[in-house]
Amino acid sequence: MTETIEKPAGSRVAPSRRSFLKWSGVATGTATLLASSTNLGMPGHGPAAAADGMADADKTVWNACLANCQSRCPLRLQVKDGTVVRILPDNTGSDELGDLQVRACVRGRNQRERIYSPDRLKKPMKRAGERGEDKWEEISWEEAFDTIASEMKRVKENYGNEALWYHYGSGSTGGNITKRGTWPRLLNTYGGYLGQYGDYSTAQITAAYPYFFGDSTSSNSLEDAQFSQLQVMFGNNPLETRMSGGGELGVVQKVRKDFNVKTIVIDPRYSETALAAGDEWVPLRPGTDAALVAGLIHVMIEEGLHDQDFLDKYCVGFDEDHMPDGVPENNSYRAYLEGKGEDGTEKTAEWAADITGVPADRIRQLAREIAGAKPAAITQGWGPQRNATGENSSRAIFLLAAATGNVGIKGGGTGAREGNTTLPVAAFPLFDGEEPPVTTQISCFNWIDAIDHGPEMTATNGGVRGKDRLDVGIKLMVVNASNTLTNQHNDLNKTYETLADTDKCEFIVVIDHQHTDSAKWADILLPSTTNFEEFDMIPGASCGDTGWVIWGQQAIDPLYDTKTGYEMCTEIAKRLGIEEEFTQGRTQEEWRQYLYEQSKEAIPDLPSADELEELGIWRKHADTPFISLKEFREDPEANPMPTDSGKLEIFSKQLYDMNKEWEFDDDLDRLAPLPEQVQTYEDWKAARADGAKYPLQLMGHHYKGRTHSSYANLPRNKEAHPQKAWVNPVDADERGIDNGDFVDVFNDRGRMRIPALVTPRIAPGVVSVPQGAWHDPDKDGIDMGGCVNLLTKYHPSPLAKGNPANTALVEVEKYRG
Ligand SMILES: Nc1nc2c(c(=O)[nH]1)N[C@H]1C(S)=C(S)[C@@H](COP(=O)(O)OP(=O)(O)OC[C@H]3O[C@@H](n4cnc5c(=O)[nH]c(N)nc54)[C@H](O)[C@@H]3O)O[C@H]1N2
Ligand SMILES: Nc1nc2c(c(=O)[nH]1)N[C@H]1C(S)=C(S)[C@@H](COP(=O)(O)OP(=O)(O)OC[C@H]3O[C@@H](n4cnc5c(=O)[nH]c(N)nc54)[C@H](O)[C@@H]3O)O[C@H]1N2
Ligand code: SF4
Ligand SMILES: [Mo]
């Protein structure tokens with residue numbers, strides 16, 4: 001799901017995904033009776049006929065849903081007279097773990113509305129008004145290519161390659177050749193571009209991993225939870241965010257049903273995972289997981305329930321006897337809990353209750369339950385870390401797994417997000433050789449600073465990597481399959497202001513197939529095909545211990561005047577005199593063949609390309625569920641962690657030292673060496689301050705009707721999953737708000753007007769405006785679409801410089817107009 005090219009040095013630990021080494025047997029596509037009951041596609045085309053759909057379709061081809069939803073569902077497209085008339089889901093596999101049918105969700109099945117959406121971009125266009133004004137003039141492809149090539153040349157000559165930027169975007173993450181690869185390959189062939197680390201999804205946890213584990217690490221697979229006594233999920237919501245029938249949704253439901261594993265979900269929101277797979281829901285205030293963990297471990301210590309042997313043998317930093325050299329006393333986690341640390345406060349259950357909102361008795365009971373379950377599978381989703389102190393929330397949850405001795409064992413886990421097993425399908429090469437030509441990087445999120453004041457950004461004030469200071473700001477942006485130029489990026493109004501200045505970023509090209517909010521900010525806007533209009537070889541994703549490959553066939557010719565990313569980049573490469581290096585003499589179909597051959601070397605029993613075309617999807621199941629850090633647990637001497645100590649680092653000496661060097665604008669920002677609860681701006685405390693202007697904590701969960709902003713414009717998705725602000729009845733009563741009333745949700749950064757969902761499914765004091773809705777301002781700038789990023793704050797997190805989407809305060813009032 002990430003798009004970074006960063007390779008952390010010295011990877012010795014198990015990667016977050018493993019590739020198959022051994023196989024339990026081959027499960028291939030055998031048609032099942034399920035096929036005839038799966039047409040939930042477009043009305044107006046009648047029910048599926050017995051033999052898989054319409055008798056009058058000319059052909060049925062396999063392709064896939066490629067949005068970054070952490071699943072990857074194969075789709076069968078039925079085509080008649082060059083038009084997709086029906087979308088059918090997978091009809092292979094079964095209802096068994098390891099062979100689950102990879103059934104598409106509501107979004108995948110509604111692709112027809114997306115392919116034929118009135119928002120489709122149809123012609124190349126150039127800006128005809130001010131930037132952002134959304135006024136356009138149609139131009140020829142020739143003119144578009146000539147302009148882009150000459151702008152690339154100009155910017156490179158005037159400022160160097162580091163002024164070029166390939167923007168973060170996840171719209172076609174599931175693809176291989178299709179779109180995500182072609183533009184970075186073009187830019188790399190042209191000498192490179194300013195790179196990025198992290199991503200909008202996982203920046204904080206990704207930055208936290210090395211300081212605890214030494215490198216990126218996952219937890220055990222969710223399939224492995226079948227061996228657990230208890231499953232504890234911190235803000236982990238596979239039922240809404242990995243909705244594929246063959247993805248984690250399927251796995252979690254099967255494990256729950258077949259093995260009856262007790263499941264506790266800790267989340268400010270009663271998610272559908274809590275609802276359908278959970279036995280208990282523990283609501284807490286956003287951004288307070290580290291306080292809850294401190295309270296839990298305090299109780300465990302008081303009652304002697306923690307795993308001291310594990311902590312002694314495998315960890316540093318838990319107590320004063322196991323601290324790195326050169327650190328003054330009372331800096332251990334235990335000292336922090338006992339109130340001997342800097343803040344002098346004991347982290348009792350009562351202390352944690354006040355911060356989290358979870359009653360002290362419930363914290364005690366939970367501590368006993370978690371410590372008593374041997375083994376317990378503790379995992380986290382990415383909601384808990386997508387906030388201002390997310391690096392610490394995520395490390396605290398790792399710590400809970402360590403303090404209970406669950407790391408590296410069957411049925412246990414590391415406290416990280418679940419791991420899984422994928423097939424080593426070859427990826428379209430973003431560059432040739434060992435590393436990209438430019439290795440300077442900034443965070444995926446603070447690009448707006450690099451536009452505004454790039455040369456002021458340094459390693460210690462802006463997280464620049466690869467050099468001490470940027471020489472130049474971003475002058476040219478390629479924004480491909482992305483709506484994070486605006487809609488998906490924090491603080492829309494501030495973002496618009498920076499983008500509007502054409503002296504800062506001088507040229508923006510946006511490539512999409514829908515006319516999004518980001519598209520409005522392009523200088524040149526290129527209409528792309530959808531993946532159904534081209535070829536690809538698609539690796540599977542997030543699927544417990546099953547990996548799969550999908551053979552992407554072209555269902556229809558490119559619609560309107562659209563082109564594939566590969567064709568666009570080839571044409572631009574031609575104009576830059578680098579066509580041969582870019583294409584390596586291959587067409588897109590030949591690249592697919594090339595990738596197939598590379599993949600076949602890694603997966604010897606991969607069926608032939610012809611067979612894949614017939615099968616559509618081909619899957620394999622690992623012989624045993626994935627256990628993270630198994631080798632370390634078995635023999636920590638022979639298999640040390642890639643940290644300085646070779647152990648799990650509860651206290652990070654590196655962060656301790658870095659905190660002295662790094663500079664922050666905000667006094668509250670710091671790099672905490674312990675996974676402690678850190679105070680920040682617009683947090684639970686600010687919300688509860690006397691006379692707080694904005695007393696409600698805002699978050700934005702990922703929602704079923706859309707994948708971020710993708711599918712958010714489709715009428716049926718909107719009807720099935722309307723955009724509403726979730727408000728607790730206690731808060732609603734105080735404000736005279738009834739369920740369904742239109743409300744204004746606002747702060748100093750903006751105001752939106754959408755219906756309220758008054759529900760006890762959200763914790764009191766918290767409002768969730770599901771993220772991804774399209775920004776739709778009326779003439780007064782009030783957003784009638786409900787784009788949460790109108791209200792989020794732009795403030796990169798201290799270590800990751802990541803997206804603090806879930807740290808913001810708002811007020812809600814009934815709209816009485
Ligand atoms: N349907 C759908 N699926 C998607 C997406 C989508 O937009 N729609 N987006 C995809 C993408 S790109 C990503 S990155 C993933 C996102 O996956 P996640 O980041 O895991 O999803 P979120 O909904 O942000 O958060 C998961 C849960 O964490 C809870 N949460 C929020 N803050 C906190 C907190 O402080 N503490 C605790 N304990 N819980 C908290 C939320 O209420 C939510 O239920 O989903 C992917 N799948
Ligand atoms: N407040 C808040 N903001 C968030 C989040 C949050 O939790 N809260 N979550 C963040 C996260 S985790 C993520 S991943 C980002 C997601 O933000 P983005 O990465 O911007 O993802 P989408 O909004 O899905 O936009 C993807 C775009 O790609 C286009 N696209 C799809 N397929 C193709 C293709 O084949 N070719 C081309 N050229 N375009 C294509 C789609 O039409 C769509 O416009 O949002 C982030 N923003
Ligand atoms: S679960 Fe994800 S990949 Fe599957 S159809 Fe839905 S949006 Fe597409
Ligand atoms: Mo994401």
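Counting starts at 1 for both ligands and their atoms, following the listed order.
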Checklist line | Location of contacts on Q488 toward ligand 2, heavy atoms closer than 4.0 Å | finding: both

Margin query: Counting only heavy atoms closer than 4.0 Å, does ligand 2 sit against the backbone of R386, its side chain, both, or neither?
Written below: side chain

Counting each atom of ligand 1 from 1 as listed, which ones have a heavy atom of [X] under 4.0 Å away?
{"X": "G287", "answer": "34 (C), 35 (O)"}
{"X": "P268", "answer": "30 (N), 33 (C), 37 (C), 39 (N), 40 (C)"}
{"X": "P286", "answer": "35 (O)"}
{"X": "H708", "answer": "6 (C), 7 (O), 9 (N), 10 (C), 11 (C), 12 (S)"}

Check: Between E682 and R749, does at least one N-O distance fall below 4.0 Å, as a salt bridge requires?
Finding: yes

Check: Between E272 and K704, is there a side-chain N and carboxylate O pair less than 4.0 Å apart?
Finding: yes

In terms of side-chain heavy atoms, does [X] have a donor or acceptor partner in [Y] at a distance below 3.5 Å?
{"X": "N480", "Y": "Y166", "answer": "yes"}
{"X": "S394", "Y": "Q385", "answer": "no"}
{"X": "Y794", "Y": "N493", "answer": "no"}

Does [X] come within less than 4.0 Å of ligand 2, judged by its heavy atoms?
{"X": "H702", "value": "yes"}
{"X": "S482", "value": "yes"}
{"X": "R114", "value": "yes"}

Heteroatom distance test ([X], ligand 1): nitrogen or oxygen, under 3.5 angstrom:
{"X": "R269", "answer": "yes"}
{"X": "R417", "answer": "no"}
{"X": "W382", "answer": "yes"}
{"X": "T288", "answer": "no"}

Margin query: By the definition side-chain hydrogen bond (donor to acceptor under 3.5 Å, both in side chains), identify the one residue from T529, T564, N63, T562 that meets it with E534.
Written below: T529

Next item on the list: Taking the six-membered ring for Trp and the full ring for Phe, Tyr or His, determine whether the centres of W521 and Y496 are under 6.0 Å apart.
Entry: yes

Where the closest heavy atom to [atom] is concerned, which of [options] has it?
{"atom": "atom 11 (C) of ligand 2", "options": "F532, Y168, Y200", "result": "Y200"}
{"atom": "atom 20 (O) of ligand 2", "options": "N487, N483, T530", "result": "N483"}
{"atom": "atom 29 (C) of ligand 1", "options": "T389, D267, I397, N387", "result": "D267"}

Check: What are the two closest non-hydrogen atoms of A808 and T792, and how far apart are they?
Finding: CB-CA, 4.3 Å

Note to self: Test your reading of the model: is there a side-chain donor-acceptor pair from H167 to the backbone of T484, 3.5 Å cut-off?
What the structure shows: yes

Within reach of ligand 1, part of [X] (heavy-atom separation under 4.0 Å):
{"X": "D289", "result": "side chain"}
{"X": "N68", "result": "both"}
{"X": "Q771", "result": "side chain"}
{"X": "R242", "result": "neither"}

Item checked: For V788, the ligand 2 atoms whose distance to one of its heavy atoms is below 4.0 Å -> 1 (N)

Next item on the list: Could you list which atoms of ligand 2 come closer than 4.0 Å to a heavy atom of T792?
Entry: 1 (N)

